[in-house]
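For the numbers below, each heavy atom of this structure counts, side chains included, while hydrogens, waters and symmetry mates do not. Letters A, B, ... mirror the listed sequences (proteins, then strands); counts begin at 1.
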Amino acid sequence: MLTMIGITFREGLNRKVLLISLVLAAIFLGLYGTGVHYAAKSFNESPNPMLASVVYPQLLSFGLYFGGFIVSFLAIFSTVGAISSEIETGIIQAIITKPLRRRDYVLGKFLGLGLFLALYSAVFFTVIALIINLKTGLVLEGQWKALGLFALQPVVLLAITLYGSVVFPTIANGVVMFMLYAVAIIGGMVEQIGWLINNAGLQQAGIVTSLVMPVDSLYRKIVHLLLSPADNPLNALQQMGPFGSMAEPSVWMVVYALLYVVFFTGLAVYSFNRKDI
Amino acid sequence: MDMAIKTFNLTKKYGTKIGCAEICLRVPRGQIFGFLGPNGAGKSTLVKMLVGLLFPTSGKALLLDRPLGDTGVRARIGFLPENFRYHDWLTGQQLLEFHASLYGLSGTEKKRRVGEVLELVGLAGRERQKIHTYSKGMRQRAGLACALLPDPDLLFLDEPTSALDPIGRRDVREILVSLRASGKTIFLNSHLLSEVELICDAVAFIRQGKIIRQGSLEDLQTGDITVEMKVGNLTREMVNTLSSLARSLEVRENVLMARVKREEDIPRLAEAVVTGGGDLFEMNRKRSTLEEMFIRTTGGGEEIC
């Protein structure tokens, strides 16, 4: 399995999708850093502590939200053909005919890609946190837990996309996974609106979409971990808007996300063990 | 006889469509075995079942006395797929090291085997190039090198020379013959019948998913003997006499093609010409070529299932 982990990790580093993601990340972080810099400069020139304590957290949420987009983009694109494209091109024929269990092939792919995506996410999160902390002086609570959850986001997408890569052709898998991701994003926003206007139907719709694809609820949990010290009177204002988190997802949602990863990885192994190549 | 491959009613169905039906095959150890059939006849299906890419619908098989699906025995089996695609962002050296690791080779043994197979397939000196810069022939050589890494007891080759030039084909033939000399078994799936004829000890023909003929090349080729004669003063009586001796007789001006069943019939043909007053200028015994046998046995053309 170690051989498969190694080749998958190296493949991740060699793919064009990484280069595209790095360029996108550099552009995004450059623009983001510039925006935060000028916002902080503006507050330094004309101090308004009340407004700053609302705007800075919003800037952080904004950074993590769109950072999550880029990380998710990388997770889906680097996994969408992890197995299906090797079947389609025939590369797999020379690999799984070796003394390698099929289970090890799938788990090697999962661990190699998971390691690569988790590292990428961790670096991304750290850069955003550093920009915010250095430019605004905002103290981030629970940042290690938040970093762990930020790195878990692409792993959730990896698990289901890897399963899709066993059962669907590459293009069909890409379409299905982007639709699922879009469902999670829209469901998350609908849920926030539900909490804002106190509408139980919208809240339930958001919870259901979180069960289908728990990526967005992980993001909401991250925002709560970073921005919700119990004694913060401005918490409601900080968490308003599409990037905030009006109601904190419970710790069971994190457990659910972990089980989701285990379930879909196990399903990928089960399906691949029975698949004719 | 010790067998490298034994299959017992091995069958693969795709819904109602038959890939292979009740294949019973025996491949002795230390031989080069040719597996022949038209496109779509089920050759690749059988090979894919044997190397573990497809799961049989029914039946069973033993490879080197171990059942299908035994992961351990795969360390003694090499496979060159027809569609030899590899991670083309790796160099030749890196590709071989990766495949050597999959075979469980490590350390000095891995280094030694990678060097040996590079030399054997003629890629020594090109191992630092990326695979995507290789020509099709070089890629096929790299694929063969991957298959040879574990010094396999059993080698499955699916069209191993399809991308090679005549020199490359001769090189591969020599490699296969030397592997046979060292006791290895080679299962060769090829359309290049002239090559199969040159190196194979035994062949099997498959049509519509079923084995229709198998045996040693010598036995199969002795089924019919074709004799070509160039004759002067040919008369109708002579042709009638020759027709009664031969299973079939074809006359084209002064050239006759007679197909006889036994070797003893050959001098009788000559006798019939001479006693009939004819002049026998030339007489050649022609072995039935594998190509003729292939067309006769499989009916030629592609199978449409």
Side-chain angles (χ1 to χ4, degrees), chain A residues 1-20 77-79 81-109 111-113 116 165-167 169-170 269-277, chain B residues 12-14 19 44-45 47-57 63 66 69-90 94-106 110 130-132 139 142-147 149-150 152 156 158:
Chain A
M1 194 202 296
L2 281 175
T3 306
M4 282 313 301
I5 295 172
I7 193 88
T8 307
F9 188 81
R10 283 168 66 190
E11 192 169 22
L13 293 175
N14 273 280
R15 281 196 170 174
K16 278 183 184 159
V17 68
L18 175 68
L19 184 67
I20 294 165
F77 271 99
S78 57
T79 314
I83 292 173
S84 57
S85 71
E86 291 202 347
I87 294 173
E88 288 156 14
T89 58
I91 285 177
I92 200 168
Q93 293 189 10
I95 296 175
I96 60 164
T97 49
K98 300 284 191 304
L100 171 81
R101 281 172 296 195
R102 286 187 171 213
R103 174 185 74 195
D104 292 342
Y105 172 79
V106 177
L107 292 178
K109 288 269 177 194
L111 292 172
L113 281 165
F116 164 72
S165 186
V166 174
V167 295
T170 303
V269 170
Y270 177 84
S271 304
F272 191 69
N273 273 339
R274 283 153 185 76
K275 189 173 179 67
D276 281 333
I277 307 296
Chain B
K12 180 66 186 177
K13 289 181 181 170
Y14 303 98
S44 291
T45 301
V47 172
K48 282 181 169 185
M49 276 195 285
L50 294 177
V51 297
L53 292 167
L54 293 176
F55 295 104
T57 310
L63 300 180
R66 303 295 305 162
D70 183 298
T71 313
V73 80
R74 290 188 192 159
R76 297 162 58 203
I77 294 175
F79 172 49
L80 172 66
E82 182 180 10
N83 179 9
F84 42 96
R85 287 288 301 272
Y86 297 91
H87 297 96
D88 58 8
W89 48 274
L90 294 174
Q94 289 167 336
L95 179 79
L96 287 169
E97 284 173 355
F98 166 59
H99 281 266
S101 298
L102 289 175
Y103 273 118
L105 303 178
S106 59
K110 177 158 84 173
K130 297 243 182 193
I131 298 291
H132 69 79
R139 287 179 194 217
L144 184 60
C146 288
L149 275 167
F156 288 94
D158 205 347

Nearest heavy-atom neighbours spanning B/L54 and A/I277 | CD2-O, 3.6 Å
Indicate the atoms forming the closest heavy-atom contact of B/F55 with A/K275, along with that distance.
-> CE1-O, 3.4 Å
Compare all side-chain heavy atoms of A/I7 with those of B/L90 and state whether any distance is below 4.5 angstrom.
-> yes
Name the region of A/L2, side chain, backbone, both or neither, that has any atom closer than 4.5 Å to a heavy atom of chain B.
-> neither
Residue pairs meeting salt bridge (charged side-chain N to carboxylate O under 4.0 Å, His left out), one or both in residues 71-90 of chain B, sequence neighbours left out, come to B/R76-B/D153
Check the surroundings of atom OH in B/Y14: do more than 12 heavy atoms from other residues, nucleotides or ligands lie under 6.0 Å from it?
-> yes
Of the backbone (N, CA, C, O) and the side chain (C-beta and beyond), which part of A/E11 lies under 4.5 Å from a heavy atom of chain B, both, or neither?
-> both
Using the test salt bridge (Lys or Arg N to Asp or Glu O under 4.0 Å), find all partners of A/D276 that sit at least two apart in sequence or belong to another chain.
-> B/K12
For chain B, find its close neighbours in residues 100-109 of chain A: heavy-atom separation under 4.5 Å, sorted by number, or none.
-> A/L100, A/R101, A/R102
Looking at B/Y103, B/F79, B/W89, which one has more heavy-atom pairs under 4.5 Å with chain A than the rest?
-> B/W89
Side-chain heavy-atom pair B/V51, A/Q93 within 4.5 angstrom cut-off = no
For chain A, the option from B/Q94, B/H87, B/M49, B/K48 that forms the most heavy-atom pairs under 4.5 Å | B/H87
When rounded to the nearest 0.5 Å, the distance separating CD1 of A/I96 from OG1 of B/T71 is 11.0 Å
List in chain and number order the residues that pass ring-ring contact (aromatic ring centres under 6.0 Å, His included) with B/Y86, two or more places apart in sequence or in another chain; answer none if no residue qualifies.
-> B/H99
